[in-house]
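Notes for the one structure printed next.
Values in this document were obtained by computation on a predicted structure and should not be read as measured data.
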Amino acid sequence: MPVEVSVGPQALTIDHGSTFAVTDLQGEIASDSEQGMFSNDTRFVSSYRIFTNGERCILLTSGTPTYYLARVHLMNRTFPTEDGEIAQGTLGLVITRAASEGIHEDLDVTNYGREPARFNLEIAIRSDFADLFEVKAHRFIRRGRIATELREDGTEVRTSYTNRDFRRQLCHRFLNCGSLPVYANGRATFEVRLEPGATWHTCNQYRFIIDDDDEAASRSCADGFSHGVFDEMQRRWLERATRLTSANEDIYRVYRQSVDDMGALRLYDHDIAEDVWVPAAGVPWYVALFGRDSLIASLQNMLVNPGFARGALRTLARFQATEMDDWRDAEPGKILHELRVGELAHFHRIPHTPYYGTADATPLYLVALHEAWRWLGDATLLRQYRDVALRCLEWIDRYGDLDGDGFQEYRTRSPKGYENMGWKDAADAVVYPDGSQVRQPKALCELQGYVFDAWLRMAEVFDELDEPERAATLRGKAAELQRRFEEAFWCEDIDCYAFCLDPHKQPVRVVTSNAGHLLWSGIASAERAGRVVRRLFEPDMWTGGGIRTLSARNPAYNPFSYQRGSVWPHDNGIIALGFKRYGFAAEAARVARDISEAASHFASYRLPELYAGIELRPGGFPVQYLGANVPQAWAAGSVFHLLQAILGIQADAPRERLYVDPQLPRWLPDVTLHGVAIGNARVDLRFRRVGEESEWDATVRKGRVDVQRQPWRASWSLLAA
């Protein structure tokens, strides 16, 4: 049994759409912490305590049976009453809490004693209505006005926050009460009388009201928690997703948890249709629409459900920038980075309305559009987003290349803008060999690869749209970019590609995981790809539990930092695909084993956003990163990329073909994928290792698709031949 690793301070986290709650294991919320009940980037409940006659209870056990439900089992401490002392363990208290449009909470108290019990059950709640950014920064500026109003019959308390035209309200209703509460001094107090063996019950319904939009919560009591429209939507997602079976228990469990997490992160506010939606980037800090995260998660999920990408393509197209806006780092054609709806965004204290400070989401949009077409086989998708794609291409040429030298650079114009605009967007993530910071503008190596890939993919798209001149132009630009990239970025002395070009166009000779993305995009030369693979497996980069973000030889390396030496599952999934693309199947499988074995140590096989870049020796286990988001979309999706790398699966739905190139390692003797969707077809794929060879067979369950064995294509330009 592997050692189980928690992520961050031990907590119970439940979520549904834009609503989530983070409590301690006792189900309580500590003041001056990052815990709370949140919705739409506002913390509605900032403190929660429960008492029996003024005494806190003792935790027995707690957990989250599903993503939206938490259950806590408590018992009383010894406390005096007018009728005599109630001994410890006489009373059992169960808190059942579920997230939907709000939070529904059941409290059930049972008297296990032999005598009647009479006592007060008290719930103390406070609301600060802090913006999520303030909670994360632990810096809350008090403003506006908070007022509390009690309904005459005592069954409802409304706490309202008003700051000019920004209004939020917590409605706390008491339903199905065993006895009515009395509200005073910020506490709801119930007088409880229980005969031996009897149970007392109340429901607490927390509704989070945005402006004046007061929607009733959809859930009632615990018996109804497994029903409702949202539960049905999750069940339909699971039914439509590709299922996996395998003799390898780690792969089976991490895959199953990841599919469940992808559905659990659904942002219902951005739903377009039943199967057209996008996920939140992660809980708790990224319960919002992100450009880069949505696109990478869409690419990861092609194997699970290619229709997933429709939501990202449509939603991000709706927010594509149309004008220059320095405050938001927006230029015409650019794809957003992050959209927020809290108080700071409302009053433009932050530029996230949305904020466009990302240099990679725009080319990744083109990559995702092409890949969705290859899996769905729907040419109307290309016609629908042709103009969006053209605006993306124009942005790449006009604004992505700041100085006209043919390379992609970034530089913020916003006083609140980000220092770094690649996927490593921490302010301290991009460093020189001496560990000092590289200043803007910066030309990250992977940005060149993403654009190279996007141009070649869009060349195939324009061939399909009968625009051969555009296709030829894009292929020519890609070839020239690849030639110039090799000249500018290859560093013989570090046996790798440079991290980036600095403001003076000098290569930053630092080894990072970004070089693996160059293999994924295909811009790296075939002659140098093997050297990159070997370099990423040297001890300063490879931990035994994944590839680090930054070489341990760099003075800025810190395994506990966000992006200067930590391990990110999604990063490793992309790198594994790059290894496979250049024929390094065994190395791709080694990365897959690292990440799947790490997942086996985390609670419920749920991969966190990242973990520490500590060397993982035999008998060891991954070390948590305290601030990691769990669940997190592209961490969950990393296992799908890892499997795709091992099995060599590529789609060609427009031609009703599916290509496989399995090379199963010894630790993965078999894998079966049930119901893989390719175009209008559904197919079961069975892979097994026989001796040193990998065999496969396919059973088409619906529609038409020709499954063929074919090595991974090195470049999309080959598809035009």
Note to self: With salt bridge (Lys or Arg N to Asp or Glu O under 4.0 Å) as the criterion, how do Glu538 and Arg534 come out once you've worked through the C-alpha distance, each side chain's angles and the decisive distance to 0.1 Å?
What the structure shows: CA-CA 7 Å; Glu538 289 186 18; Arg534 288 190 292 274; over 6 Å; no
Practice problem: Before giving the answer on salt bridge (Lys or Arg N to Asp or Glu O under 4.0 Å), spell out for Arg457 and Asp453 the whole-Å C-alpha distance, their side-chain angles and the decisive distance to 0.1 Å. | Solution: CA-CA 6 Å; Arg457 288 173 180 265; Asp453 193 19; 3.0 Å; yes
Can you list the steps and then say if Phe579 with Phe537 is a ring pair (Phe, Tyr, Trp, His ring centres under 6.0 Å)?
-> CA-CA 12 Å; Phe579 289 174; Phe537 275 114; 5.7 Å; yes
- request: Might you work through the side-chain hydrogen bond (donor to acceptor under 3.5 Å, both in side chains) test for Ser246 and Asn248, ending with a clear yes or no?
  value: CA-CA 5 Å; Ser246 173; Asn248 185 302; 5.6 Å; no
**Prompt:** Yes or no on side-chain hydrogen bond (donor to acceptor under 3.5 Å, both in side chains) for Asp571 and His517, after CA distance, side-chain angles and deciding distance?
**Reply:** CA-CA 8 Å; Asp571 188 30; His517 291 230; 2.6 Å; yes
For Arg253 and Ser604: C-alpha separation, side-chain torsions, deciding distance, then whether side-chain hydrogen bond (donor to acceptor under 3.5 Å, both in side chains) applies. CA-CA 8 Å; Arg253 288 183 178 273; Ser604 302; over 6 Å; no
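For the pair Ala698 and Leu685, the tightest heavy-atom approach, listed with the atom from each and the gap, is CB-CD2, 3.8 Å. Residues Gly613 and Val567 come closest through the heavy atom pair CA-CG2, 4.0 Å. Pro284 and Phe20 get closest at one heavy-atom pair: O-CZ, 3.2 Å. The shortest non-hydrogen separation linking Ala70 to Thr64 is CB-CG2, 4.0 Å. In terms of heavy atoms, Pro622 sits closest to Leu616 at N-CD1, 3.6 Å. Heavy atoms only, all atoms of each residue included: Gly282 and Leu265 are closest at CA-CD2, 4.3 Å.
The backbone N or O of Tyr356 lies less than 3.5 Å from a partner atom in the side chain of Lys334, making a donor-acceptor pair. No donor-acceptor pair under 3.5 Å is formed between the side chain of Arg709 and the backbone N or O of Val660. Counting only distance, with no hydrogens or angles, the side chain of Gln234 and the backbone of Asp260 share a donor-acceptor pair below 3.5 Å. Judged by distance alone, with hydrogens and angles left aside, the side-chain atoms of Gln644 form no donor-acceptor pair with the main-chain N or O of Leu303 at under 3.5 Å. In this structure a side-chain-to-backbone donor-acceptor pair under 3.5 Å is missing from Gln632 to Glu609. At distances below 3.5 Å, at least one donor-acceptor pair connects side-chain atoms of Thr543 with backbone N or O atoms of Gly546. Between the side chain of Gln408 and the backbone N or O of Gln448 there is no donor-acceptor pair closer than 3.5 Å. The backbone N or O of Leu69 lies less than 3.5 Å from no partner atom in the side chain of Thr66, so there is not a single donor-acceptor pair. Asn629 places a side-chain N or O within donor-acceptor distance of the main-chain N or O of Trp285, the cut-off being under 3.5 Å. Put simply, the side chain of Asp425 never gets that close to the backbone of Met421: no donor and acceptor are under 3.5 Å apart.
Rounded to the nearest 0.5 Å, atoms CD (Gln708) and OH (Tyr659) are 5.5 Å apart. With rounding to the nearest 0.5 Å, the separation of CZ in Phe687 from CG in Leu643 is 9.5 Å. Rounded to the nearest 0.5 Å, atoms CG (Leu518) and SG (Cys445) are 4.5 Å apart. Once rounded to the nearest 0.5 Å, the distance linking CD1 of Ile595 with CG of Leu642 reads 6.5 Å. In this structure, Asn680 CG and Lys702 NZ are separated by 6.5 Å, a value rounded to the nearest 0.5 Å. A distance of 11.0 Å separates CD1 in Ile14 from OH in Tyr67, rounded to the nearest 0.5 Å.
Checked by atom type, the side-chain pair Ser521/Arg581 shows no donor-acceptor distance below 3.5 Å. Side chain to side chain, Thr358 and Arg292 meet the donor-acceptor criterion of an N or O pair below 3.5 Å. The closest side-chain donor-acceptor pair between Asn514 and Lys424 falls under 3.5 angstrom. No side-chain N or O of Asp652 forms a donor-acceptor pair with one of Gln650 less than 3.5 Å apart. Under the 3.5 Å distance criterion, with hydrogens and angles disregarded, no donor-acceptor pair is assigned to the side chains of Ser694 and Trp696. Between the side chains of Trp375 and Glu371, at least one donor-acceptor pair of N or O atoms lies under 3.5 Å. For the residue pair Asp250 / Ser596, no side-chain donor-acceptor distance below 3.5 Å is found, with atom types taken as modelled. Between the side chains of His674 and Thr242, no donor N or O sits under 3.5 Å from an acceptor N or O.
For Trp520, the ring pair (Phe, Tyr, Trp, His ring centres under 6.0 Å) partners two or more places apart in sequence, or in a different chain, are Tyr450. Partners of Ala426 under the side-chain contact (heavy atoms from CB on, under 4.5 Å) rule, at least two apart in sequence or in another chain, are Asp428, Ala429, Tyr562, Gln563. Residues meeting the side chain to side chain donor-acceptor pair (under 3.5 Å) test with Arg386, sequence neighbours left out: Glu467. Listed by chain and number, the residues in a side-chain contact (heavy atoms from CB on, under 4.5 Å) with Pro665 are Ala589, Ile646, Trp667, Leu668 (sequence neighbours excluded). Residues satisfying the side-chain contact (heavy atoms from CB on, under 4.5 Å) test with Tyr252, not counting sequence neighbours, are Leu244, Glu249, Arg256. Contacts of Thr19 classified as side-chain contact (heavy atoms from CB on, under 4.5 Å), with partners at least two apart in sequence or in another chain: Ser39, Ile103, Phe208.
A salt bridge links Arg701 to Asp684: at least one charged side-chain nitrogen sits closer than 4.0 Å to a carboxylate oxygen. Taking a cutoff of 4.0 Å between a charged side-chain nitrogen and a carboxylate oxygen, Glu587 and Lys580 do not qualify as a salt bridge. Between Arg666 and Glu692 there is a salt bridge, with a side-chain nitrogen of the basic residue lying less than 4.0 Å from a carboxylate oxygen of the acidic one. For Glu232 and Arg236, the salt-bridge test passes: some basic side-chain N is under 4.0 Å from an acidic carboxylate O.
For Asp706, the CG atom counts as densely surrounded, since its 6.0 Å shell holds more than 12 non-hydrogen atoms of other residues, nucleotides or ligands.
Relative ring orientation between Tyr418 and Tyr355 is described as perpendicular, the plane-to-plane angle rising above 60° on a 0-90° scale split at 30° and 60°. Aromatic ring orientation, Trp237 versus Phe308: tilted (interplanar angle from 30° to 60°).
Annotation: cation-pi geometry not satisfied between Arg310 and Trp277 (NZ/CZ under 6.0 angstrom from ring centroid, within 45° of ring axis).
Taking the side chain as every heavy atom from C-beta outward, Tyr625 and Ser566 never approach each other to under 4.5 Å.
Ring centroids of Phe560 and Tyr611 are separated by 6.0 Å or more, keeping the two rings apart.
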